Q: 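Before I ask anything, let me first share the structure, which is written out below as structure tokens.
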Amino acid sequence: MSDEKELRYDPAAIETKWQQRWAADPKLYAAEPVSNGKPKYYVLEMLPYPSGQLHMGHVRNYSIGDALARYMWMRGYNVLHPMGWDAFGLPAENAALKNNTPPREWTLSNIAAMKRQMQRIGFSYDWATEVTTCLPEYYRWNQWFFLRMYEKGLVYRKKSKVNWCPECATVLANEQVINGYCWRHEDTLVEQRDLEQWFFRITAYAQELLDGLDKLEGWPEKVRTMQRNWIGRSEGTEIDFAVENRSEKIRVFTTRVDTIFGATSVQLAPEHPLVTALAQADAGLKVQVSTLIEEQKKARESGDVGAIEKHGVPTGHFAINPYNGELIPIWVANYVLMDYGTGAIMSVPGHDERDFEFAKKYAIPIREVIRPVQNEVGVKLPFVSEDGVLVNSGEYNGLSCAEAQKRLQEVAVRNAFGEATVTFRLKDWGVSRQRYWGTPIPMIHCERDGLVQVPDEQLPVLLPEKIEITQTGGSPLSRVPEFVNVKCPKCGHAAKRETDTMDTFVDSSWYFYRYTDAKNANAPFDSSIAQYWFSIDQYIGGVEHAILHLIYSRFWTKVMRDLGMIKNDEPAQRLFTQGMVIKDGAKMSKSKGNVVSPDDMVARYGADATRMYALFAAPPDRDLDWQEDGVAGISRFLGRVWRLTAKHAPAARAVASEPQNSSKTQEGGALMRKLHQTIAKITHDFEGRWHFNTCVAAIMEFVNELQAADAQLTSGEVPAAVVRELLHNLVLLLAPFAPYLAAELWEELGSQGATLHLSDENPPPGTPILRAPWPKCDPGLAKEDEIEIPVQINGKLVTVVRVAPDADAKAIQAAALADEKVHARIAGKTVVKVIVVPGRAVNLVVK
RNA sequence: GCCGGGAUGGCGGAACUGGCAGACGCAGCGGACUCAAAAUCCGCCGACCCUUGCGGUCAUGGGGGUUCGACCCCCCCUCCCGGCACCA
């Protein structure tokens, strides 16, 4: 090897070498058995959809998780760091249509390609626990869970209005509709269709899902807020209004029962059953109502429900206010929704913006019933605040709104015309999909026995392999007679299988439990193993799943707990949502043409530089602007580390003893101090803040100091034992961020028999760097000999003075007053006050 | 409308508990090495002012406040990103 070549950092050569070595050691990233006695740490990144190509968002996500996993290994934890594939879903069917490739084949080859990319980048996954959701070994347990939930009444079938994406040719869950558009097709409006569908009763857990958020302190506030909004709990009262001359009652939902004396009409949703009944006898009304329904539908489908003009039609009938017997007109209004509350409201124009607008338009009386406490006379209506007292409300006058709500609810309950209720925005999870590439729903339709479960011993219900995929004509499975036709497990007569498949979010709702026992053929997982690993200590992924995957998987965990399979209430103690990777101010996307391929970056600069840049360019929770020049900068830095270490490695290898304090030179002491400060900083960041950008910056600072002291390192002015110590620890600090280079340099420095006097334990010879102990900061060595204290006069910086790090207020004040510049500034003036913050600052207040 | 997050040099960002604003990197400029280039190394690098000095003033979206001292805390406002929204 020529000198010239030796001085060139060649990431491709280093990374290829170590990738091969790591591949030859399948136990390297494997978790140890439950009985190992070490503290456990479960770090998890959200599993990807196998599109066939990793994108930069993946690289960023996994680089964060990988750094953490490697750090925890070095800290001596038993680490579970798995990876898998969210492998069912529509793109595979689309690809099948386009290329005539079977979805299974397409998916599995994509998985192989992405796995290669991950291995090339060097992510520390234990592939022995790999989970692929489209394989029967996995999806049979989806079916098993479905049956258990069916038995518990948590799965049901009903006909209802559902979201239909014409592009996907399937039903979508509410969570998959974004502002009226399909989550997969930004330009496709979702239609409403009446279909019979399978639902999971997630609403049974609405309150617990909401309450649990308060305890998830390790989750971003943003995600917790989004989930709270989505669950949308609202406390209120339901009140029955009798209808004059008819037997029906109208049950209204209101959060402001205290304003009921101000109700001057009752408003029904156009689909309300009473409206249907009234319209039957009134042809004119019928026409007008169908117009309202049409309008609502259009508005809903175009996503701006809130924007349509409020209008309605009077029914000619009257409702009776149960508190005062008042007759008020019944209207049908296009702003009342059938699927929220009871589909009927009492309209109080004096104290509600929408009711006010509506009443103005139709000259419905507006009555003041709430007044601010301090006001003798009324205020401008509508007055919507709850900070007030009741007026014009009979015996309830003078009560506060809160008090009145309580009293009115009591009266309603006592007289059996109403009750306090809680309403949620959250709807049950519609899981039926009229597509092929998903988990078959394990149910059978029998003419005699109705809905019949597929018996457990017949699971899995296998997805047929040979199938023609089209996007029309309902579920593709319904056109496979061998699949559809089956004998009823109960009566043995001919019956038909359910041909819908499950939403792919079912797959990802529990996959992380499977990782703990991925090969189990008798159960989804062994409860005792899951209990050891759960909760997940750190979950990392994109915020786009805040109310999809992250609410479904919380639900699933609670269901499994209630099935007695696990003990934890929540899947993940801590959640971290990384920011997006953007380029030129926009999210990377094919249509914008600003996609940066990870493969390109790895080929040009190496995996270490690519992933280290992903950590360096921004704090992990913020959006990251990808600048290729920045990757080049990291690559240069890694080259400097490589050259520096390679240059001094022979000397470092030659000494075996620990550095003696007495042998330390001035320069060695300064470098050791910087080292220990760097250790402290990075360790601290791993413990919570995760500002890996500043961790990388700290390592750069340390390297810059080493490089500046190159002459002393070479001359022996810094003893070889100290050099060795500095370089060893530099490499260890680098290991979570640039694992390939760290492994190479670890070997270069002679890892075998390495004694790391900074650590409690000495790794045995040949220890891979992954198992080497993380450096420990020695506060004594990190301590500065002298620190600089800024001196301010009247809050303005004048100079700095150097003092001992533990100098007390007196000493600092003395040093400040002794300073020439300070002298000059205060000459002829009076020092009124001196503020000294030891270790921080001095401020002289001078007149 | 409600909720959450954000705004700091040409750029990405740092300043962790209220105590030297701009760490680290990118870009740029100057220099060394070289026949030359690449690579590498060294230095400069917020704005303005003058009396060019180990000088002064201004500066963290805008305005006010608290404080000896504010990028940081409080109030008001602007803009950007995200979520929810005829939710009764």
Side-chain angles (χ1 to χ4, degrees), chain A residues 4 7-9 178-179 220-230 232-234 236 252-256 259 267 296 299-300 304-310 333-337 339-348 352-355 357-358 423-425 543-544 546-547 579-580 613 616-619 621-634 636-637 639-640 643 681 684-685 688-689 691 693-701 703-704 707-708 710 788-800 821 832-837 839-846:
Chain A
E4 205 176 315
L7 289 175
R8 193 173 287 265
Y9 166 57
I178 317 288
N179 290 328
E221 191 53 46
K222 177 184 179 142
V223 172
R224 296 201 279 167
T225 303
M226 284 165 72
Q227 292 209 356
R228 280 192 196 100
N229 285 344
W230 188 258
R233 183 181 197 274
S234 146
V252 306
F253 171 71
T254 177
T255 55
R256 292 296 306 277
T259 64
Q267 303 287 344
Q296 243 184 12
R300 186 170 286 228
D304 51 355
V305 190
I308 60 171
E309 200 192 329
K310 290 171 193 32
N334 67 347
Y335 71 97
V336 180
L337 308 172
D339 57 5
Y340 184 79
T342 59
I345 62 166
M346 62 178 204
S347 178
V348 185
D352 181 276
E353 301 275 1
R354 288 158 316 197
D355 294 345
E357 189 188 326
F358 193 87
T423 301
F424 291 95
R425 211 190 71 91
V543 75
E544 66 272 16
I547 47 179
M580 286 188 303
Y613 175 74
F616 175 69
D621 54 343
R622 277 216 239 167
D623 286 352
L624 181 159
D625 190 55
W626 194 270
Q627 297 182 354
E628 189 170 332
D629 286 336
V631 191
I634 296 289
R636 279 197 289 275
F637 165 71
R640 278 200 295 279
R643 283 188 298 276
K681 197 227 161 335
H684 180 243
D685 261 332
R689 218 171 60 128
H691 279 198
N693 54 331
T694 60
C695 290
V696 175
I699 297 174
M700 287 173 169
E701 281 185 56
V703 170
N704 288 347
Q707 199 167 337
D710 188 60
E788 291 189 336
I789 300 284
V791 181
Q792 301 172 330
I793 292 178
N794 293 336
K796 291 214 163 180
L797 180 73
V798 171
T799 186
V800 294
K821 277 193 181 174
V832 183
K833 198 173 171 188
V834 182
I835 294 115
V836 182
V837 186
R840 290 288 193 184
V842 184
N843 192 11
L844 308 174
V845 185
V846 168

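In this text the structure is predicted, and so the values were computed from the model without any measurement. A note on names: the letters A, B, ... follow the listed sequences, proteins ahead of strands, and every chain is numbered from 1.
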Q: Under 4.0 Å, counting only non-hydrogen atoms across every strand here, what does Pro619(A) touch: a base, just sugar-phosphate, or nothing?
A: sugar-phosphate
Q: Can you tell me how far P in rC80(B) sits from the matching atom in rC42(B), rounded to whole Å?
A: 44 Å
Q: Reckon Lys796(A) has a side-chain N or O less than 4.0 Å from the OP1 or OP2 of rC58(B)?
A: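 Yes, such a contact exists.
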Q: Judged by each residue's nearest nucleotide on RNA chain B, which is more toward the 5′ side, Leu624(A) or Ile835(A)?
A: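 Comparing both residues, the 5'-ward one is Leu624(A).
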Q: Distance check needed: rA38(B) P versus Arg636(A) CZ, whole Å only.
A: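 Value for this atom pair: 13 Å.
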Q: Return the NZ to CD distance between Lys681(A) and Glu701(A), rounded to the nearest 0.5 Å.
A: 9.0 Å
Q: Let me confirm one number: the CZ-CZ distance from Arg643(A) to Arg8(A), rounded to the nearest 0.5 Å.
A: 9.0 Å
Q: Without decimals, in angstroms, what is the distance between Glu353(A) CD and rC86(B) C1'?
A: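 Between C1' of rC86(B) and CD of Glu353(A): 12 Å.
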Q: Are the side chains of Asp352(A) and Arg256(A) in contact, using a 4.5 Å heavy-atom criterion?
A: no
Q: Categorize Gln792(A) for me: base, sugar-phosphate, or nothing, with a 4.0 angstrom heavy-atom threshold over every strand shown.
A: base
Q: I'd like the P distance from rA70(B) over to rU60(B), given in whole Å.
A: 11 Å
Q: Heavy atoms from C-beta onward define the side chain here; which of rA39(B), rC84(B), rC20(B) lies closest to that of Pro790(A)?
A: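 So the side chain of Pro790(A) is nearest to rC20(B).
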Q: Send over the distance from Glu357(A) CD to rA88(B) C1', rounded to a whole Å.
A: 14 Å
Q: Rounded to the nearest Å, what distance is computed from the CZ atom of residue Arg224(A) to the P atom of nucleotide rG5(B)?
A: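 One finds 11 Å between P of rG5(B) and CZ of Arg224(A), rounded.
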Q: For Gln792(A), which residues count as a side-chain hydrogen bond (donor to acceptor under 3.5 Å, both in side chains) partner, sequence neighbours excluded?
A: none
Q: Would you kindly give the CE-to-C1' distance between Met700(A) and rG13(B), to the nearest whole Å?
A: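 Rounding to the nearest Å, CE of Met700(A) and C1' of rG13(B) are 12 Å apart.
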Q: Can you sort out the partners of Ile835(A) under side chain to side chain contact (heavy atoms under 4.5 Å, CB included), two or more places apart, ordered by chain and number?
A: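 In terms of side chain to side chain contact (heavy atoms under 4.5 Å, CB included), with neighbours along the sequence ignored, Ile835(A) is linked to Lys833(A), Val837(A), Asn843(A), Val845(A).
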Q: Nearest heavy atom decides the nucleotide; on that basis, is Ile634(A) or Phe253(A) closer to the 5' end of RNA chain B?
A: Ile634(A)
Q: Classify the nucleic acid contact of Asn843(A) as base, sugar-phosphate or nothing, counting any heavy atom under 4.0 Å across all strands shown.
A: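 Base contact.
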Q: Measure the spacing between CZ of Arg228(A) and CD1 of Ile547(A) and express it to the nearest 0.5 Å.
A: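 If I round to the nearest 0.5 Å, the distance is 14.0 Å.
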Q: As a test of your reading of the structure, name each stem of RNA chain B as range with range, where a stem is three or more consecutive Watson-Crick or G-U pairs at under 3.5 Å.
A: B:1-7 with B:78-84, B:10-12 with B:24-26, B:28-32 with B:40-44, B:46-49 with B:55-58, B:61-65 with B:73-77
Q: Taking all atoms of both residues into account, what is the closest heavy-atom pair of Ser234(A) and Phe253(A), and its distance?
A: OG-CZ, 3.7 Å
Q: Please classify the nucleic acid contact of Gly341(A) as base, sugar-phosphate, or nothing, using heavy-atom distances under 4.0 Å.
A: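 It contacts nothing in the nucleic acid.
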Q: Using the P atom in both, what is the distance from rA59(B) to rC48(B), to the nearest Å?
A: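 Their P atoms lie roughly 15 Å apart.
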Q: Tell me what Asn334(A) touches on the nucleic acid: a base, only sugar-phosphate, or nothing, going by heavy atoms under 4.0 Å.
A: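 Base: the residue Asn334(A), judged by heavy atoms under 4.0 Å, touches a nucleobase.
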Q: What nucleotide, of rC20(B), rG83(B), rC41(B), holds the atom closest to the side chain of Met226(A)?
A: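 Out of rC20(B), rG83(B), rC41(B), the nucleotide with an atom closest to Met226(A)'s side chain is rG83(B).
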Q: Could you tell me whether Ile547(A) contacts a base, only the sugar-phosphate backbone, or nothing, with contacts defined as non-hydrogen atoms closer than 4.0 Å?
A: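 Counting heavy atoms under 4.0 Å across all strands, the contact made by Ile547(A) is with sugar-phosphate only.
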Q: Select base, sugar-phosphate, or nothing to describe what Arg622(A) touches, counting heavy atoms under 4.0 Å on all strands.
A: sugar-phosphate
Q: Within the structure shown, what part of the strands sits under 4.0 Å from Asp685(A) by heavy-atom distance: base, sugar-phosphate, or nothing?
A: nothing
Q: Between rC41(B), rA15(B), rG4(B), which nucleotide has the shortest distance from any of its atoms to the side chain of Arg643(A)?
A: rC41(B)
Q: Measure from the side-chain heavy atoms of Asn229(A) and tell me the nearest of rC16(B), rA88(B), rG83(B).
A: rG83(B)
Q: Taking the side chain of Asp629(A) as its heavy atoms from C-beta onward, which of rA14(B), rC86(B), rA27(B) lies nearest to it?
A: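 Closest nucleotide among those given: rA27(B).
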Q: What nucleic acid atoms does Phe637(A) come within less than 4.0 Å of, heavy atoms only: base, sugar-phosphate, or nothing?
A: nothing
Q: Can you tell me how far P in rC71(B) sits from the matching atom in rU17(B), rounded to whole Å?
A: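 It comes out at 16 Å once rounded to the nearest Å.
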Q: Closer than 4.0 Å, any side-chain N/O of Gln627(A) to the OP1 or OP2 of rA27(B)?
A: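 For Gln627(A), the contact criterion (side-chain N or O under 4.0 Å from OP1 or OP2 of rA27(B)) is not met.
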Q: Using atom CG of Asp710(A) as one end and atom C1' of rU40(B) as the other, report the distance to the nearest whole Å.
A: 13 Å
Q: Students often get this wrong, so: under 4.0 angstrom with heavy atoms, is Arg228(A) touching a base, only sugar-phosphate, or nothing?
A: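 It contacts nothing in the nucleic acid.
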Q: How would you label the glycosidic angle of rG9(B): syn (within 90° of 0) or anti?
A: syn
Q: Parallel, tilted or perpendicular: which one describes the rings of Trp626(A) and Tyr613(A), with boundaries at 30° and 60°?
A: perpendicular
Q: Check whether any side-chain nitrogen or oxygen of Tyr340(A) sits under 4.0 Å from OP1 or OP2 of rA88(B), and answer yes or no.
A: yes
Q: Please report, rounded to the nearest Å, how far the C1' atom of rC20(B) is from the CG atom of Leu797(A).
A: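 The distance from CG of Leu797(A) to C1' of rC20(B) comes to 5 Å, rounded to the nearest Å.
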Q: Can you check the Phe616(A) CZ to rC11(B) P distance for me, whole Å?
A: 17 Å
Q: On a heavy-atom basis, which atom in Ile634(A) and which in Phe616(A) lie closest, and how many Å separate them?
A: CD1-CD2, 3.7 Å
Q: Report which part of the nucleic acid Val336(A) touches: base, sugar-phosphate, or nothing (heavy-atom distance under 4.0 Å, all strands).
A: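 The answer is base, as Val336(A) lies within the cut-off (heavy atoms under 4.0 Å) of a base atom.
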Q: Write down the distance separating the C1' atoms in rG69(B) and rC20(B), rounded off to the nearest Å.
A: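 Straight-line distance between the two C1' atoms is 12 Å.
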Q: Can you identify which nucleotide, out of rG12(B), rG25(B), rG4(B), has its nearest atom closest to the Asn704(A) side chain?
A: rG25(B)
Q: Of all the choices, rC24(B), rG13(B), rC20(B), which nucleotide is nearest to the side chain of Glu701(A) once you look at every atom?
A: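 Taking heavy atoms from C-beta onward, the closest nucleotide is rC24(B).
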Q: Give me the distance, rounded to whole Å, that separates rG46(B) from rA27(B) when you measure between the C1' atoms they each carry.
A: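 One C1' to the other, the span is 15 Å.
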Q: Which residue, Leu844(A), Ile793(A), Val842(A), forms the side chain to side chain contact (heavy atoms under 4.5 Å, CB included) with Val798(A)?
A: Ile793(A)
Q: Would you measure the distance from the P atom in rC75(B) across to the matching atom in rG5(B) and give it in whole Å?
A: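 Straight-line distance between the two P atoms is 14 Å.
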Q: Determine whether any donor atom in the side chain of Glu788(A) lies under 3.5 Å from an acceptor atom in the base of rC20(B), or the reverse, and answer yes or no.
A: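 Counting by modelled atom types and ignoring angles, a donor-acceptor contact under 3.5 Å is found here.
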Q: Could you give the distance from CZ (Phe358(A)) to NZ (Lys310(A)), rounded to the nearest 0.5 Å?
A: 10.0 Å
Q: For rG62(B) and rG9(B), measure between their P atoms and round to the nearest Å.
A: 10 Å
